[in-house]
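Have a look at the structure below, then the notes.
Position 1 is the first residue of the sequence; numbering continues from there.
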Amino acid sequence: ALDFKLYVFSLKNQLEFILCTSTVMNAKGLLAVNRQEGQNIVAVPAPINDENHIGFVQIIDMARPSRELLVRAHRNAVNLMEMNGSGALLVVSSEKGSRIKVFETAKGTQTQEVKIGRQVVGFMDLFFSFDDKWLGYLSTNYLSVFGVAIGEVTETTNISTLSESM
C-alpha cells in the first residue's frame, strides 16, 4: 500500500497485476488480508476523507474486485485493522482508541463492539486466535495482551488477559 493507492498483484505463477484502488492518505500502510487460500479478501482505509467522512474502510473480495464494500467503522480515523484467517471477519480500531469493532466482510455488518473504557487506549496490535474464538489486542497503556470471546458484547470489566482465560 502506498500513500493514496493500493496495488494488488498475483504471485502464483508470475507477477500479474490484479487491481489498483484509491485509499486515504495511508502513511502507516494500513491493510488487512486474510491468510486462508481460496478466498482473497482485502481491506484498506476508504478514500472518503473529509472531517465528516472519516473512519470508513473499503472491503474488496478479489473474486469480484469491482464490487467494493464501504463500511463506516468509526467516527474517527482508522488506526489498526486485522482480518481473521478465512476473511469472514474484520476488526477495526480508531485513533480515539476506546472501542474495537468487528464486521462481517461479506455484508459489512457490525457483529461486535468492545468498549475499552472512557480513556484512550493505545492499540499496538489487533489479532484473532487461529480458531476464531478469541479477539486479542495489545495495549500500550497496560503493556498487556487482552482477550475477548468472539460474539460477546463486552465492557472493560469483562476483559481478561489471554493467559488467564486459556
- Item | Heavy-atom closest pair, residues His74 and Arg99 | CE1-O, 3.6 Å

- In Å, rounded to the nearest 0.5 Å, how long is the span from CG of Leu69 to OG1 of Thr105? 8.5 Å

- Are Leu11 and Tyr7 connected in the hydrophobic side-chain network, where two residues link if heavy atoms are under 4.5 Å apart? yes

- Message: Can a donor-acceptor pair be found, under 3.5 Å and without considering hydrogens, that links the side chain of Arg72 to the backbone of Ile54?
- Response: yes

- With side chains defined as the heavy atoms from C-beta onward, is the minimum distance between Phe4 and Met25 less than 4.5 Å? yes

- Task: Give the minimum heavy-atom separation between Phe9 and Ile18, together with the two atoms involved.
- Result: C-CG1, 4.0 Å

- Once you round to the nearest 0.5 Å, how far does CG of Leu80 lie from CD1 of Ile100? 9.0 Å

- Item | Enclosure of Lys28 NZ (heavy-atom neighbours >12, cutoff 6.0 Å) | yes

- Item | From Ile41, Val57, Val71, residue fulfilling side-chain contact (heavy atoms from CB on, under 4.5 Å) relative to Leu90 | Val57

- Item | Reported CG-to-CD distance for the pair Asn34 and Gln39, which is rounded to 0.5 angstrom | 6.0 Å

- Message: With heavy-atom distances below 4.5 Å as the criterion, would you say the side chains of Ile150 and Phe128 are in contact?
- Response: yes

- Query: To the nearest 0.5 Å, what is the distance between CG (Leu89) and CD (Glu104)?
  - Reply: 7.0 Å

- Task: Grab the two heavy atoms, one from Gln58 and one from Pro45, that are nearest each other, plus how far apart they are.
- Result: NE2-O, 3.9 Å

- Message: Does any part of the side chain of Gln36, heavy atoms only, come nearer than 4.5 Å to the side chain of Asn84, both counted from C-beta?
- Response: no

- Query: Counting N and O atoms only, with roles assigned by atom type, does the side chain of Thr21 sit under 3.5 Å from a partner on the main chain of Leu6, one being a donor and the other an acceptor?
  - Reply: no

- Query: To the nearest 0.5 Å, how far apart are CG in Leu31 and CE in Met81?
  - Reply: 6.5 Å

- Message: Using side-chain heavy atoms (C-beta onward) and a distance below 4.5 Å, is Lys5 in contact with Ser22?
- Response: yes

- Residue pair Glu95 / Asn79: nearest heavy atoms and the distance that separates them: N-CB, 3.7 Å

- To the nearest 0.5 Å, how far apart are CZ in Phe127 and CZ in Phe130? 10.5 Å

